[in-house]
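Before any comments, here is the structure.
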Amino acid sequence: MTATLRTDTGKVRKRNEDAAWFDEQRGVFAVADGMGGHLAGEVASAMAIDAVRRMAESHDVASIAVMREAVEQAHAAIAAHAQANPACAGMGTTLSAMWRGGHYMYIAHVGDSRIYRFRDGGLEQITQDHSLVEELVRAHIITPQEARRHPRRNVITRALGTQGDNAPDLLAADRKSGDLWLLCSDGLCAMVEDEEIARTLGGEETLEAMADSLMKQALAAGGRDNVTLILWRDEEEKPWNRD
Ligand code: CA
């Protein structure tokens, strides 16, 4: 097994509104972080993950076009469900999904969950947060350190199922045997600094031990939110007849 998943309600929240899933055989991985009162957040994140799972089960070859379609379907299904069920009004979810191609990881991303690639000792955030603080950082109004403590750090600017912007970022990131990929909800990266994540992934531990360690660090730092992570080590030789 070269992939592993952890999820935890954390130390403050009563429910776990994160959802995550992977199929190592098909090379598909996804994390979603739901929002909305009562049970709604869980419904939204589960619906997003379900759309990715159905996409994976009905297509053999990774493609950006198919991912775009899956994300659009997820958005439409969540929005329709919210419309039909007053208790779910306003629900939404982030979604960060990746799909293994021959030479690239294809990525669809909405919201502030993250995908990181750890290669040759360096951690790189592949996705860009769709959050208010990220926009302020990019505009040089606040620093990344100020963003971590900003009172409105939880405000996201794009989500699936909501009325605002829901367009996914669609990207292809190159892959190399030995790369470690981390998908996580903000409950991990808001609690654990990138340097600590890099230190953990750079250790000589097994994947399982690394995942346990990241979860432990997030909870020890306060566990203010639900914490979800998927770790995958890319050990597949690249076939030359794909992509
Ligand atoms: Ca969260």
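First listed ligand is number 1; within each ligand, the first listed atom is number 1. Side chains are part of it too, since the values below use all heavy atoms of this structure and drop only hydrogens, waters and symmetry mates.
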### Task
Could you list the residues that satisfy side-chain contact (heavy atoms from CB on, under 4.5 Å) with S113, not counting sequence neighbours?
V31, D33, T94, S96, S185

### Message
Pair L214, R6 - check side chain to side chain contact (heavy atoms under 4.5 Å, CB included), show working.
### Response
CA-CA 9 Å; L214 290 175; R6 299 286 183 283; over 6 Å; no

### Query
Would you say the side chains of Q217 and S213 form a donor-acceptor pair under 3.5 Å?
yes

### Message
Restricting to under 3.0 Å, identify the protein N, O or S atoms around the Ca ion (ligand 1) as residue plus atom.
### Response
D33 OD2, D186 OD1, D225 OD2

### Task
Output yes when D234 and R100 qualify as a salt bridge under the 4.0 Å nitrogen-oxygen rule, no when they do not.
no

### Task
Using the side chain to side chain contact (heavy atoms under 4.5 Å, CB included) rule, pick out the option among I230, L229, T228 that qualifies with T7.
T228

### Message
A quick test of your reading: do over 12 heavy atoms of other residues, nucleotides or ligands sit less than 6.0 Å from CZ of R68?
### Response
no

